[in-house]
Amino acid sequence: MPRPISITVDLNAIRHNFNYAQSLGAKHKNGDSLDNVSQTMAVIKADAYGHGAVATARALDGKATLLAVSSIEEAVSLRQNHIKTPILLLEGCFCSSELSVLDDLNLQVVLHNQHQIEELLNTSLDEPADVWLKIDTGMHRLGISAADANHTYQTLANSKNVRSIVLMTHFAMSDQPNHTFFKRQHEDFHNLVKELSTTDQLIPNSAANSAAVMSAPESHGTWNRPGIMLYGISPFDHENTFSAPLIPAMQFHSKIIALRQVNAGESVGYGATWTATQPSIIATVAAGYGDGYPRAAKSGTPVMINGHIAPLAGRVSMDMLCVDVTQLNNVKLGDDVELWGKKLSVNEVAQWADTLGYELVTRMPTRAKRIFINE
Ligand SMILES: Cc1ncc(COP(=O)(O)O)c(C=O)c1O
């Protein structure tokens with residue numbers, strides 16, 4: 001029997017979550033005018049947050065009309081796997097030679113600093129590029145300043161190397177849409193979009209990531225850019241339980257490979273950090289940090305065995321972890337263990353490890369192959 005670890009990705013769940021994101025963007029902001037419908041791209045960078053970018057792109061073929069990745073390498077890998085959907089490079093080009101393949105590969109490109117803008121303006125292209133001009137409205141990570149936006153926008157609009165421009169920004173606190181920081185970023189961006197628009201029709205614009213798609217409809221633009229919600233994970237890290245309409249796509253399971261009794265006062269695992277306070281039954285599960293389970297998860301982290309929660313006991317090892325199953329009935333060798341998935345939220349496990357569901361799924365190693373269902 002192979003090592004019993006499994007990482008299953010439900011592609012129907014991803015399609016469902018995409019439909020949900022799209023339906024939120026399709027809520028009309030002002031009356032029924034179709035002009036107000038936001039289009040939804042699928043952010044599938046970092047191997048679709050660990051879920052498999054090629055499989056995700058295939059699952060969304062015919063649904064998502066734009067995909068977003070971080071680098072040309074990620075885009076090339078999709079093209080080599082016959083994904084034809086246009087792709088946006090979220091960090092733009094890392095060197096000017098990448099500009100010459102944008103058209104061949106059907107790529108759109110973010111321009112986030114003056115260096116990238118100069119390179120585009122001064123290069124010679126066979127076909128003009130579709131560009132996304134990124135404005136720094138407060139995240140202070142990427143983007144040109146709002147003060148430079150008008151002049152830069154006009155320069156790009158007049159360049160023979162530019163076919164179209166979308167104005168974009170990125171929120172620092174969209175998971176707290178009532179926070180003044182979020183409101184100020186949204187207002188500054190919206191005012192800039194209005195300032196650059198010459199008619200009543202706003203110029204193409206994009207700001208909303210998952211949290212804003214779900215909770216700040218006022219920030220929905222021409223394009224919304226959800227990532228984490230497509231995988232069925234709430235962008236609100238305090239939400240351990242499932243947000244009703246989202247279906248988790250990744251299921252991380254293993255099995256019990258050993259069971260033992262320990263006496264009160266005996267410890268479990270490296271560093272002897274967990275000690276039994278009563279005679280206890282310890283189940284050893286074939287999953288550890290080498291499989292993507294966070295080593296930082298503390299004793300007490302919920303683990304689901306046969307559909308019931310039991311607490312992690314002691315430190316997580318490379319290939320194994322231990323669970324105190326004293327309170328569960330009829331636990332046997334070979335029983336199913338859900339580490340996270342449809343019943344146990346990855347955000348809940350992440351909280352016990354002082355991190356986010358985002359990090360846990362994205363850094364899943366390829367040691368255990370992804371099994372794709374509902375392709
Ligand atoms: C520029 C940009 N847009 C959209 C997203 C998607 O964000 P989320 O996964 O929170 O929806 C990201 C992800 O970090 C991003 O960097």
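Indexing begins at 1, ligand by ligand and atom by atom, following the structure's order.
Counting protein heavy atoms only, atom 3 (N) of ligand 1 is closest to Arg225 NE, 2.9 Å. Protein heavy atom closest to atom 2 (C) of ligand 1, with residue, atom name and distance, is His170 CE1, 3.4 Å. Of the protein's non-hydrogen atoms, Tyr49 OH, 2.6 Å is the one closest to atom 9 (O) of ligand 1. Of the protein's non-hydrogen atoms, Lys45 NZ, 3.1 Å is the one closest to atom 13 (C) of ligand 1. Protein heavy atom at the shortest distance from atom 7 (O) of ligand 1 is Asn209 CB, 3.5 Å.
Comment: Lys342 engages Asp10 in a salt bridge, judged by a side-chain N to carboxylate O separation of less than 4.0 angstrom. The residues Asp103 and Arg163 are annotated as salt-bridged, a charged nitrogen and a carboxylate oxygen being separated by less than 4.0 angstrom. Using a 4.0 Å cut-off between a side-chain N of Lys or Arg and a carboxylate O of Asp or Glu, Asp61 and Lys84 do not qualify as a salt bridge. Under the 4.0 Å criterion applied to side-chain N and carboxylate O atoms, Arg367 and Asp319 are assigned as salt-bridge partners.
When heavy-atom distances to ligand 1 are checked against a 4.0 Å cut-off, Pro226 comes that close only through its backbone atoms N, CA, C and O. When heavy-atom distances to ligand 1 are checked against a 4.0 Å cut-off, Met139 has no atom that comes that close, whether in backbone or side chain. Of the heavy atoms in Arg141, only side-chain atoms (C-beta onward) come closer than 4.0 Å to ligand 1.
No N or O atom of Ala211 sits closer than 3.5 Å to an N or O atom of ligand 1. Polar contact with ligand 1: absent for Met168 (N/O pair, distance under 3.5 Å). At least one N or O atom of Tyr358, backbone or side chain, sits closer than 3.5 Å to an N or O atom of ligand 1.
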Could you check Arg3 against Asp291 for salt bridge (Lys or Arg N to Asp or Glu O under 4.0 Å), going step by step and ending with a plain yes or no?
-> CA-CA 11 Å; Arg3 199 158 163 265; Asp291 304 297; 2.8 Å; yes

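Within the listing of ligand 1, atoms 1 (C) sit less than 4.0 angstrom from a heavy atom of Lys134. Those atoms of ligand 1 that come under 4.0 Å of a heavy atom in Ile228, given as number and element, are 8 (P), 9 (O), 11 (O). Below 4.0 Å from some heavy atom of Ser210 lie the following atoms of ligand 1, by number and element: 8 (P), 11 (O).
The aromatic rings of Phe181 and His179 sit perpendicular, their planes meeting at an angle over 60°, well past the 30° parallel limit. Ring orientation note: the planes of Phe252 and Tyr293 are tilted relative to one another, at an angle of 30° to 60°. In this pair, His51 and Tyr231 present their aromatic rings parallel. The plane angle is below 30°, not in the 30 to 60° band.
Closest of all the heavy-atom pairs between Trp352 and Lys298 is O-NZ, 3.0 Å.
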